[in-house]
Amino acid sequence: MSEIRWQKPLCGGNGGNTCLQIGHTADGTPVIRETTHPTELITTTHQGLRNLIEAAKRGDLDHLL
């Protein structure tokens, strides 16, 4: 995969042991990873990432916590 430009990690309140990063490849493909497993990547589309963020904002994913 081409070089990825990562955003600052988003870490939970447990001392920073659970961090996610969202970035994008040179061609703009959105990518997600956990900082504890930096080589395991999830790629998605812009619409897929938008759907995930909007669902989280609405609370649709709260049952997973």
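Bear in mind the structure is a predicted one, so any value in this text is a computation, not a measurement.
- Between Arg33 and Glu40, the closest heavy-atom pair is CB-O, 3.7 Å.
- Contact of the Asn51 side chain with the Thr44 side chain is not registered, since no non-hydrogen atoms from C-beta on lie closer than 4.5 Å.
- In this structure, NE2 on His63 lies 9.0 Å from CG on Leu65, to the nearest 0.5 angstrom.
- Atom NZ of Lys8 sits about 11.0 Å away from atom CD of Gln21, to the nearest 0.5 Å.
- Atom CD of Gln47 is surrounded by more than 12 heavy atoms from other residues, nucleotides or ligands within 6.0 Å.
- Of the inter-residue distances, the one linking Thr43 atom OG1 with Leu49 atom CG reads 11.5 Å to the nearest 0.5 angstrom.
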Quiz item: Can Leu52 and Ile32 be said to form a side-chain contact (heavy atoms from CB on, under 4.5 Å), step by step?
Solution: CA-CA 12 Å; Leu52 176 67; Ile32 303 169; 4.2 Å; yes
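- The CD1 atom of Ile4 sits 12.5 Å away from atom CD1 of Ile22, with the distance rounded to the nearest 0.5 Å.
- Here the straight-line distance linking atom OG1 of Thr29 with atom NE2 of His46 works out to 6.5 Å at 0.5 Å rounding.
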Listed pairs under 3.5 Å, donor-acceptor, residues 53-61 side chains, sequence neighbours left out:
| unit_1 | atom_1 | unit_2 | atom_2 | d |
| --- | --- | --- | --- | --- |
| Arg58 | NE | Asp60 | OD2 | 2.8 |
| Arg58 | NH2 | Asp60 | OD2 | 2.7 |

